[in-house]
4 protein chains.
Amino acid sequence: MTLPARLTGVIPPVCTPFTPDHQVDTASLVRLVDHLIDGGVSGLFVLGSTSEVAYLPDGHRQVVLDTVVGHAAGRVPVLAGVIDMATLRVIDHVRTAVAAGVDGIVVTAPFYTRTHPAEIEKHFRMVAAAAGLPVFAYDLPVAVHSKLGADLLLRLAADGVLAGLKDSSGDEGGLRNVILRARDRGDITDFSVLTGSELTVDNALWMGADGVVPGLGNVDPHGYVKLFDHAAAGEWEAARVEQERLVRLFELIGVGDPSRMGMSSSALGAFKAALQLRGVIASGLMAPPQIPLNTDEIAQVEKYLVAAGLL
Amino acid sequence: MTLPARLTGVIPPVCTPFTPDHQVDTASLVRLVDHLIDGGVSGLFVLGSTSEVAYLPDGHRQVVLDTVVGHAAGRVPVLAGVIDMATLRVIDHVRTAVAAGVDGIVVTAPFYTRTHPAEIEKHFRMVAAAAGLPVFAYDLPVAVHSKLGADLLLRLAADGVLAGLKDSSGDEGGLRNVILRARDRGDITDFSVLTGSELTVDNALWMGADGVVPGLGNVDPHGYVKLFDHAAAGEWEAARVEQERLVRLFELIGVGDPSRMGMSSSALGAFKAALQLRGVIASGLMAPPQIPLNTDEIAQVEKYLVAAGLL
Amino acid sequence: MTLPARLTGVIPPVCTPFTPDHQVDTASLVRLVDHLIDGGVSGLFVLGSTSEVAYLPDGHRQVVLDTVVGHAAGRVPVLAGVIDMATLRVIDHVRTAVAAGVDGIVVTAPFYTRTHPAEIEKHFRMVAAAAGLPVFAYDLPVAVHSKLGADLLLRLAADGVLAGLKDSSGDEGGLRNVILRARDRGDITDFSVLTGSELTVDNALWMGADGVVPGLGNVDPHGYVKLFDHAAAGEWEAARVEQERLVRLFELIGVGDPSRMGMSSSALGAFKAALQLRGVIASGLMAPPQIPLNTDEIAQVEKYLVAAGLL
Amino acid sequence: MTLPARLTGVIPPVCTPFTPDHQVDTASLVRLVDHLIDGGVSGLFVLGSTSEVAYLPDGHRQVVLDTVVGHAAGRVPVLAGVIDMATLRVIDHVRTAVAAGVDGIVVTAPFYTRTHPAEIEKHFRMVAAAAGLPVFAYDLPVAVHSKLGADLLLRLAADGVLAGLKDSSGDEGGLRNVILRARDRGDITDFSVLTGSELTVDNALWMGADGVVPGLGNVDPHGYVKLFDHAAAGEWEAARVEQERLVRLFELIGVGDPSRMGMSSSALGAFKAALQLRGVIASGLMAPPQIPLNTDEIAQVEKYLVAAGLL
């Protein structure tokens with residue numbers, strides 16, 4: 001399918017369920033796709049950070065692409081992350097994703113190496129030229145250790161290099177600056193701004209963002225769709241009530257003991273435990289070397305689900 | 001061939017020459033291997049940061065492995081970097097490197113994701129179990145944004161997980177702590193400590209390091225071998241004189257204009273320009289999206305080579 | 001005067017005008033106080049980052065306190081920053097501020113030294129005990145290099161140590177978490193949350209913040225008061241329109257050439273140039289070692305003021 | 001007294017003993033000064049990071065200056081840190097230190113504020129002009145979050161602004177670059193390079209540094225003087241043996257439980273506990289809000305002292 005000129009709505013970053021021997025659990029992944037589409041999402045974003053893309057070998061990435069594109073079957077568009085260190089490696093992932101039939105790709109700045117704005121710009125231009133599909137810039141300083149500047153984003157948008165932005169920088173002031181300047185300029189027409197910040201979706205939509213890519217949307221897609229729909233209808237008070245429920249639910253990402261594991265293990269472990277508890281996926285297993293939640297931590301996840309009305 | 005129980009000497013991180021269409025220039029790479037072996041190096045480290053590994057797609061990595069292992073032909077051992085974000089991806093690279101016939105592998109902590117010491121330890125243990133070859137920890141906080149602690153390194157050394165350390169942290173006090181504690185403990189016998197800090201090799205050897213992995217060793221392998229040999233013979237004054245010549249030469253990494261390019265483009269561009277000027281490789285091209293040095297900047301590289309007696 | 005149980009509204013961080021010989025220009029400061037009070041602000045925050053507090057010797061700080069407390073003369077409450085490295089130094093500033101008659105104090109975490117959450121908590125408790133006045137925590141990671149956690153803030157609020165939070169962390173999700181949890185708990189009654197993020201004031205108020213401390217409010221207090229009043233009246237569309245005008249105006253902080261000066265010189269220089277252009281203060285001079293804007297840069301400030309309807 | 005044209009030797013950063021009510025314990029401080037001078041040090045550095053300068057109010061700083069300058073009584077020169085956020089505040093401290101009779105001052109880059117190399121340069125020039133005494137640049141990125149570049153240091157040295165460098169950056173390669181370039185240039189004659197890195201003093205002296213400012217030198221001044229003297233006599237093997245003993249002793253800085261306290265509390269607490277155990281100062285108390293070591297942790301300090309032959 002073709003992406004709309006301006007992608008909007010809830011496009012969750014799809015978790016990747018695992019089997020006990022560290023393979024992609026495709027049966028669970030298929031159920032997760034249905035869970036999300038049934039929840040009313042506008043698209044699916046595979047192979048983003050929430051999918052544990054950094055942990056997935058190329059073979060696993062291929063299985064995810066094939067499974068999700070195949071099972072979505074055109075019901076909603078599929079975006080694919082092409083997360084790797086620099087341009088030629090990213091272009092390899094682009095080719096795989098395009099061949100698998102995705103509808104758009106999501107690209108970060110180079111990482112591991114010390115990069116420069118001029119190199120980041122060249123990177124996006126080369127990747128987009130190779131893609132031949134809509135490209136979304138993925139602004140994720142916590143992972144890549146550089147921030148995409150507003151001038152760079154707007155220049156690439158005006159030149160048709162970028163179809164949109166997935167902003168996970170947490171910098172709402174910077175995001176507003178991009179949204180407002182893109183609107184004020186005459187040379188940028190369809191630039192889709194998606195926020196990855198789960199706790200301020202009503203704010204982002206209020207500022208003019210087009211959609212949201214919430215990791216927590218795996219657990220509660222209906223909630224984020226309800227929030228988006230309220231906002232789209234101008235029912236802001238109702239949107240806020242829903243958002244506040246989701247803020248309270250989001251605290252589940254902190255259940256993991258920080259003396260035993262990193263934030264990634266805690267947050268992704270909690271998302272997957274919640275999906276298992278809700279009966280969507282078979283197991284909360286994560287890719288190594290992440291540390292699994294223990295029984296007590298999973299019990300806390302359960303309490304959050306109950307409190308949020310999800311169990 | 002088999003690695004010595006304790007790897008010592010100069011093991012340069014081999015640059016990856018490029019053709020104009022961004023392929024590996026194997027003819028130049030073969031000449032570079034000969035240049036290094038003729039210079040007296042004790043081993044070759046391919047697919048490290050200096051090789052632009054972050055920029056090399058898997059196909060290029062395969063060509064590098066095959067070319068260097070094949071052309072070294074057992075004259076010196078070959079270590080291979082298996083640089084990727086997390087465990088399963090790294091293990092894929094390990095399999096490729098082992099199949100290509102390398103003699104040891106070099107592994108960083110996970111990156112892109114927010115990791116934790118417990119996860120880093122699990123990562124090294126899983127990678128080493130998959131490798132079946134000597135594994136060197138690669139401590140490179142500037143790239144992976146975490147530092148390998150002394151306790152972790154020594155525990156992994158004592159357990160036989162690690163054969164050595166390639167320290168590019170720049171933390172000489174920390175390095176000395178590792179060297180001294182490894183020596184003081186009774187349960188660590190052959191743990192090879194290699195420094196990646198080009199400017200303090202005499203210091204590192206003085207403190208008890210076993211060898212050096214100098215990026216600048218591509219340009220002047222004879223110099224680093226001379227420095228190492230002086231130190232090994234206890235001729236410290238002569239070692240220092242040679243080291244100081246190399247400190248002055250190392251300033252060539254700063255020729256690139258920081259308003260136009262990042263540190264990586266400047267340093268790697270200077271190394272490659274120097275190799276081209278010395279007639280070793282055909283071109284100073286770098287992988288995209290790095291920014292090439294301009295004519296003036298290359299002329300500065302030439303001056304440094306002349307001053308160091310290399311042209 | 002006494003602070004209201006819950007401070008609300010616009011409380012700008014008052015700039016500190018300078019004479020050519022680096023003294024506090026009290027005549028200009030008095031005019032600035034009137035400009036702000038005439039603009040409808042609810043309070044004044046002196047000796048915050050926007051006041052160049054880091055650059056002001058204790059003598060200058062005393063002049064600022066006396067001038068502003070004296071000239072405000074109870075028309076609006078005055079909060080004072082007591083910015084220094086650690087507890088005993090901060091308590092010295094607290095004593096001076098209390099003696100000068102301020103109505104509340106604003107305290108950061110320790111800085112320069114490597115601190116710890118337990119030390120930060122002890123710091124706030126000791127400073128508050130010494131103050132005997134309402135204490136606001138100042139969350140400013142960009143300056144102090146640590147972030148105040150939600151658990152810490154809520155515990156200190158529940159214990160009556162903190163009267164409020166001035167959040168300049170830029171972390172809107174974290175801010176919402178604090179606001180919502182403070183509301184959900186039964187043991188926190190009057191905890192005033194103020195945002196320092198100029199570009200997302202409507203968002204912050206929408207999420208439940210009580211007020212705003214906008215550096216740009218020096219230049220356009222009427223605008224921020226209008227924005228606040230619209231929000232307080234539930235006129236969110238009008239609030240957004242005003243906020244967007246201020247977002248466009250805020251771009252003036254970027255007029256300074258980053259090859260010549262730091263962000264502080266550029267932003268504070270622009271605020272002061274704007275105040276001079278608007279006839280409020282006599283000169284845009286900043287404390288050394290900040291770099292002054294040049295004529296071209298000041299001309300750009302003027303254009304932003306014209307575009308915003310302020311000249 | 002006047003500083004030598006080129007300061008050399010061991011110049012420890014003098015700890016500040018405390019009474020139970022958080023005042024400077026001058027009786028202990030006097031004993032500490034004698035302990036250090038008896039140990040053979042070449043100078044004393046007061047009000048540096050190891051003195052808890054960030055925690056000391058101006059009154060305490062004055063007491064330290066008067067006590068140490070008075071009790072040293074010209075036996076060795078006294079350097080004073082003038083640690084504060086920006087230029088005018090630093091100049092106030094300079095005036096106090098000069099009036100107290102110190103022989104040189106030690107100045108960091110501005111902090112708290114986001115600064116720029118041009119502003120740092122202006123800062124050093126203004127402070128030096130106000131001092132009228134030899135000025136040492138204090139390179140301490142861990143505290144001030146910027147690194148002093150070699151070009152800046154050498155330009156200030158050539159212009160007579162700086163008499164020397166106290167390098168606590170941990171960047172030995174950068175330090176060597178400064179030392180070598182200062183030697184190679186014809187326009188820098190007496191620029192004294194002092195390292196603050198306790199674990200690599202033999203290396204620093206080997207590279208050409210003039211002296212050392214070791215925090216651990218409070219605990220064992222005789223050891224550092226012995227190390228320096230061996231190096232000065234060209235007895236490098238003996239210097240290394242002594243250095244290695246001190247490396248093992250230095251591990252005492254890690255006795256504090258990182259879940260209870262920061263690195264500063266742990267390291268300074270260990271130094272002070274060691275001084276108390278050695279009978280030099282009356283108490284290991286630290287300035288608030290630092291967390292004291294507990295009995296078990298102090299017992300560990302004792303074991304390190306015994307192992308190092310100091311008890």
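Below, chains carry the letters A, B, ... as their sequence lines are ordered, and counting in each starts from 1.
Residues satisfying the salt bridge (charged side-chain N to carboxylate O under 4.0 Å, His left out) test with D:D66, not counting sequence neighbours, are none. In this view, D:E119 satisfies the salt bridge (charged side-chain N to carboxylate O under 4.0 Å, His left out) rule with no residue, not counting sequence neighbours.
Heavy-atom neighbours of chain C within the stretch residues 160-170 of chain D, taken at a separation under 4.5 angstrom, are nonexistent. Residues of residues 254-262 of chain D that come closer than 4.5 Å to chain C, counting heavy atoms only, are D:P258, D:S259, D:R260, D:M261, D:G262, ordered by residue number.
Looking only at side-chain heavy atoms (C-beta outward), C:D84 and D:R89 come within less than 4.5 Å of each other. With contacts defined as side-chain heavy-atom distances shorter than 4.5 Å, the pair C:L88/D:Y55 does not qualify. Side chains of D:V142 and C:R114 form a contact here, defined as non-hydrogen atoms less than 4.5 Å apart.
When all heavy atoms are compared, the tightest approach of C:K122 to D:I291 is CD-CD1, 4.3 Å.
Of all the listed residues (D:Q290, D:H60, D:H145, D:H123), the one sharing the greatest number of non-hydrogen pairs under 4.5 Å with chain C is D:H145.
The parts of D:H22 that come within reach of chain C are both its backbone and its side chain, each placing non-hydrogen atoms under 4.5 angstrom from that chain. Interface remark: D:I83 contributes backbone and side-chain atoms alike to the contact with chain C (heavy atom separation under 4.5 Å). When heavy atoms are compared at a cutoff of 4.5 Å, D:P288 approaches chain C by way of both its backbone and its side chain.
If you check the side chains of C:Y112 and D:T108, you find no donor sitting under 3.5 Å from an acceptor.
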